[in-house]
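Here the structure comes first, spelled out in structure tokens, and everything after it is commentary.
Here the structure is a predicted model, which means the values were calculated and not measured. Numbering of ligands and ligand atoms starts at 1, following listing order.
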Amino acid sequence: LTALAFLARPRAARIPLKGRHVFITGGSSGIGLAMATAAAREGARVSILARNAARLEEARGAIRAATGQDVGVHAADVRDADAVARALAEAGPVDVLVCNHGVFVPQELEKQEMQEVRWMVDINLMGTFHLVKAALPAMKERTKETRLPASIAIMSSQAGQVGVYGYTAYSASKFALRGLGEALQHEVIADNIHVSLIFPPDTETPGFTEENKRRPELTNIIAGSSGGMKADDVARKALDGIKSGKFIVPCNFEGAMLAVATAGLSPQSSPLTAFLEIIGAGLMRFAAICFQFNWFTTIENWYAKNKKHA
Ligand SMILES: NC(=O)C1=CN([C@@H]2O[C@H](COP(=O)(O)OP(=O)(O)OC[C@H]3O[C@@H](n4cnc5c(N)ncnc54)[C@H](OP(=O)(O)O)[C@@H]3O)[C@@H](O)[C@H]2O)C=CC1
Ligand SMILES: CCCCCCCCCCCCCCCC(=O)[C@@H](N)CO
């Protein structure tokens, strides 16, 4: 532990929210709305971005009712780099950028239209590139001025830690965010900016309700291996992770196991978590093999029962 206290990088940081500018994409619904509300309650200046202006105004009203705070709203599509840049210029320098926007339509790749695959990758992955590119220059200036650490938080998913049946496009877009985040952390640490990747399980949100109308049965069963959560609880975990400058932010117990199983070469600021990762590595690999045994057995049985698909 003493050795790890010396080795763990980047060094742990405390990133306050009070009085700081928190910019949240997808802030009009679900997890993003819950994060915006919680951040406003903590005294942050909050801006939210999404496409639908009416839903943004509704969210603004809901946040005002819940916290007494007014939030800035920006109607833009994250696929439109110019619109994203305009929104960020309008909002002013950001201290905590939360790239939470996301779309998810599960389907077997063979059945899914390429147009839908591209749509998920464009929004979930390319949209995040647009945001980081647009926000970073002013963020860097700001950390120099305030001498406080800043944060770029990216909403992945447990489907961004393990591939799941029905999620070829979605999992690909969410795994990609981890690569983006790891490389980006190297590039921004000198400016005292900390990257956080958040990995929620199934979460009760308007988006999840929509998803459930089309979810293949096997996707449901496999995703059910991790306990579902409420948006407010995911928001709490996410903000706590951001505030302590954690790189990997799991949200539930299964998420903590997944984090150890997939620790890989990710940065780790906490000597204690690093210790648990080292001790847990073999055990969690064994657990992973057991989970995959279970999933493949379920898939085999399902296909045997539904012969037309086999
Ligand atoms: N709910 C779940 O089970 C889980 C969700 N996640 C991730 O959490 C994030 C939030 O999910 P959730 O709260 O369920 O989603 P919701 O569908 O409830 O909300 C999505 C938000 O993103 C916005 N958005 C979608 N597309 C765009 C776009 N092209 N440009 C700008 N904004 C956009 C939506 O507004 P508008 O449509 O007006 O643009 C809305 O505000 C996503 O990244 C998702 O992948 C991760 C794990 C589990
Ligand atoms: C070694 C230990 C293993 C621990 C258990 C692993 C459990 C993995 C379950 C994967 C769940 C994926 C949910 C995706 C939710 C999501 O993103 C969609 N609802 C779309 O938003």
In terms of atom number and element, which parts of ligand 2 are under 4.0 angstrom from non-hydrogen atoms of [X]?
X	answer
Ala261	1 (C)
Tyr170	16 (C), 17 (O), 20 (C), 21 (O)
Phe208	19 (N)
Ser157	14 (C), 15 (C), 16 (C), 17 (O)
Met284	1 (C)

I'd like the name of whichever of [options] reaches closest to [atom] through any heavy atom.
atom	options	answer
atom 15 (O) of ligand 1	Phe199, Phe104, Trp119, Tyr170	Phe104
atom 20 (C) of ligand 1	Gly32, Gly102, Ala235	Gly102
atom 4 (C) of ligand 1	Gly207, Ala76, Pro201	Pro201

Please confirm whether [X] approaches ligand 1 to less than 4.0 Å, judged on its heavy atoms.
X	answer
Pro206	yes
Lys174	yes
Asn100	yes

Where does Arg55 meet ligand 1, judged by heavy-atom distances below 4.0 Å: at the side chain, the backbone, both, or neither?
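Answer for Arg55: side chain.
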Location of contacts on Ser156 toward ligand 1, heavy atoms closer than 4.0 Å
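Under 4.0 Å from ligand 1, Ser156 contributes backbone atoms alone.
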For ligand 2 and [X], I'd like to know whether there is a polar contact (N/O to N/O, distance under 3.5 Å).
X	value
Trp295	no
Thr203	no
Gln158	no
Asp202	yes

Determine whether any heavy atom of Gln292 lies closer than 4.0 Å to an atom of ligand 2.
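Checking ligand 2 against Gln292, which is what was asked, there is no heavy-atom contact under 4.0 Å.
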Just how far is it from atom CD1 of Ile278 to atom CG of Leu4, taken to the nearest 0.5 Å?
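Rounded to the nearest 0.5 Å, the CD1-CG separation comes out at 4.5 Å.
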Which value, rounded to the nearest 0.5 Å, describes the distance between Ile193 atom CD1 and Met139 atom CE?
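Between atom CD1 of Ile193 and atom CE of Met139 there are 5.0 Å.
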Ligand 2-proximal atoms of Glu211, by part, heavy-atom distance under 4.0 Å:
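Within the 4.0 Å criterion, Glu211 contacts ligand 2 through side-chain atoms alone.
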Determine whether the side chain, the backbone, both or neither of Arg215 has a heavy atom under 4.0 Å from any heavy atom of ligand 2.
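Within the 4.0 Å criterion, Arg215 contacts ligand 2 through side-chain atoms alone.
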Output all residues satisfying side-chain hydrogen bond (donor to acceptor under 3.5 Å, both in side chains) with Arg51, sequence neighbours left out; order by chain, then residue number.
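Once residues adjacent in sequence are excluded, Arg51 has no partner under the side-chain hydrogen bond (donor to acceptor under 3.5 Å, both in side chains) criterion.
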Would you mind telling me which of Asp95, Val46, Val94, Ile48 makes a side chain to side chain contact (heavy atoms under 4.5 Å, CB included) with Phe23?
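Only one option passes, and that is Val94.
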So Tyr167 and Tyr170, would you call those rings parallel, tilted or perpendicular, with 30° and 60° as cut-offs?
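Geometry flag for Tyr170 against Tyr167: tilted rings.
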